[in-house]
Amino acid sequence: MIDLTKMDKFTYMYKTLIIDKDPQTAAIATSALTMKMYVSRSAADVVTAKELINNWLPDMILLDLTDNPEEKFSFLHELRSNIKFSTVPVIVLVDGSCRDLLTAAFQKGATDSLMKPLRKDELFNRISFYKQQQEQQLLIRQLQERLENKERNYSAVSKQLRSSLHSIRLMNTSLLHTLGKDSIAKDEYELLLGICNETTEAALIWDNYQKLNNYHPDICKPRRQRVDINSILANIANSYQLVAQQKEVTLFKEGFDSELLADVDIEMFRSIIRNLLSNAIRYNQPGAR
């Protein structure tokens, strides 16, 4: 057998494992595959085949059923039970005397069948079909992964954007309450008010975007990072101090000096704490602590 693995390292070589004790069948299959620049290996029995596939993952398997079919069925069942080989096409080889085995073979997970003696053109056409099918499936998976990665990136950016918008809105709201409408020029007051309104609108757009993403649960999976929870809590509490003072609500920060590490999605955690703190200030009476 010609070793095609030494060829151009940038060209992927389609690998086929032939399991048949008949040397003539193995020779026909090897010749057909070699002509098309495919890699093939042969095994006379299941034991040898198992040793081969431990270190050499084939893209397709030709499995002869004319000899010891029960052992071959058991081997086929093992293949389909192993995630590494669960989708590898298996073409079973039969002759006129064992056609009745095909039903059992397909029940065990066989993909297709060919009659012996093998014809090179028929064998190659069948292998080419499944090779193209696998390439198309691989391309679809790659495109799906790229799309999901892009949407995850968009989702992460949108979270950061909303966090920044929220901070801007919070600071402007604090300025409006602190300065008062009568203490600054009308144009300046309207400018600050416009910024508050625009950032509020942008935050609503972000929320609608997130609702749409809820239809894609894989995209919205939390991105956990190891962070100091107390430092995040302290920063958020500091940003709400002015709002709390305007409402005459007292915020107490206790226990934030020590480090408290946890694996969390930072933006999700910040959003939850902001919502809790904002609601606590909004719905408490003046003088609350």
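Count residues from 1 along the sequence.
Between Leu118 and Ala29, the closest heavy-atom pair is CD1-CB, 4.4 Å. The minimum heavy-atom distance linking Leu57 with Lys84 is given by the pair CD1-O, 3.9 Å. Contact detail for Asn230 and Ser258: the closest heavy-atom pair is ND2-O, 2.7 Å. Nearest heavy-atom pair across Ile91 and Met60 is CD1-SD, 3.8 Å. The shortest non-hydrogen separation linking Ile53 to Phe85 is O-CZ, 3.7 Å. Ser40 and Leu33 get closest at one heavy-atom pair: CB-CD1, 3.5 Å.
Distance check, rounded to the nearest 0.5 Å: CG of Leu62 to CD1 of Ile127 gives 5.0 Å. Interatomic distance, Leu76 CG to Arg80 CZ, rounded to the nearest 0.5 Å: 6.0 Å. Distance check, rounded to the nearest 0.5 Å: CD of Gln136 to NZ of Lys131 gives 11.0 Å. Atom CZ of Arg126 is separated from atom CG of Asp112 by 4.5 Å, given to the nearest 0.5 angstrom. Rounded to the nearest 0.5 Å, atoms CD1 (Ile232) and CD1 (Ile236) are 7.0 Å apart. Here the straight-line distance linking atom CG of Leu261 with atom CZ of Arg226 works out to 5.5 Å at 0.5 Å rounding.
In this structure, the side chain of Asp20 does not engage the main chain of Ala26 through any donor-acceptor pair within 3.5 Å. Using modelled atom types, no side-chain atom of Asn82 and backbone atom of Glu78 make a donor-acceptor pair closer than 3.5 Å. Using modelled atom types, no side-chain atom of Asp228 and backbone atom of Glu259 make a donor-acceptor pair closer than 3.5 Å. Ser86 places a side-chain N or O within donor-acceptor distance of the main-chain N or O of Ile83, the cut-off being under 3.5 Å.
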Step-by-step side chain to side chain contact (heavy atoms under 4.5 Å, CB included) determination, Leu65 to Phe73: CA-CA 8 Å; Leu65 294 183; Phe73 287 155; 4.1 Å; yes
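Residues Gln225 and Asp263 have side chains not in contact (no heavy-atom distance under 4.5 Å, counting atoms from C-beta outward). Taking the side chain as every heavy atom from C-beta outward, Phe75 and Lys50 approach each other to under 4.5 Å. Side-chain contact between Lys116 and Asp64 is present, with at least one heavy-atom pair separated by less than 4.5 Å. Proximity of Thr16 to Arg41: side-chain heavy atoms (C-beta onward) are nowhere separated by under 4.5 Å. Looking at heavy atoms from C-beta onward, Leu63 lies out of side-chain contact with Leu93 at the 4.5 angstrom threshold. Using a 4.5 Å heavy-atom threshold, the side chains of Tyr38 and Ser128 count as touching. Contact of the Ile18 side chain with the Thr30 side chain is registered, since non-hydrogen atoms from C-beta on lie closer than 4.5 Å.
Under the rule for a side-chain contact (heavy atoms from CB on, under 4.5 Å), Glu145 has no partner lying at least two apart in sequence or in another chain. Partners of Glu51 according to the side-chain contact (heavy atoms from CB on, under 4.5 Å) rule, which considers only residues two or more places apart in sequence or in another chain, are Val47. In this view, Lys120 and Ile28, Ser31, Ala32, Met35 satisfy the side-chain contact (heavy atoms from CB on, under 4.5 Å) rule, not counting sequence neighbours. Gln107 is linked by a side-chain hydrogen bond (donor to acceptor under 3.5 Å, both in side chains) to nothing, counting only residues two or more places apart in sequence or in another chain. Residues passing the salt bridge (Lys or Arg N to Asp or Glu O under 4.0 Å) test with Asp45: none are found, sequence neighbours excluded. Every residue two or more places apart in sequence or in another chain that forms a side-chain contact (heavy atoms from CB on, under 4.5 Å) with Phe106 is listed here: Leu102, Ala110, Ser113.
With no hydrogens or angles considered, no side-chain donor-acceptor pair links Asp59 and Tyr130 at under 3.5 Å.
Within a 6.0 Å radius of CD in Gln133, other residues, nucleotides and ligands contribute more than 12 heavy atoms.
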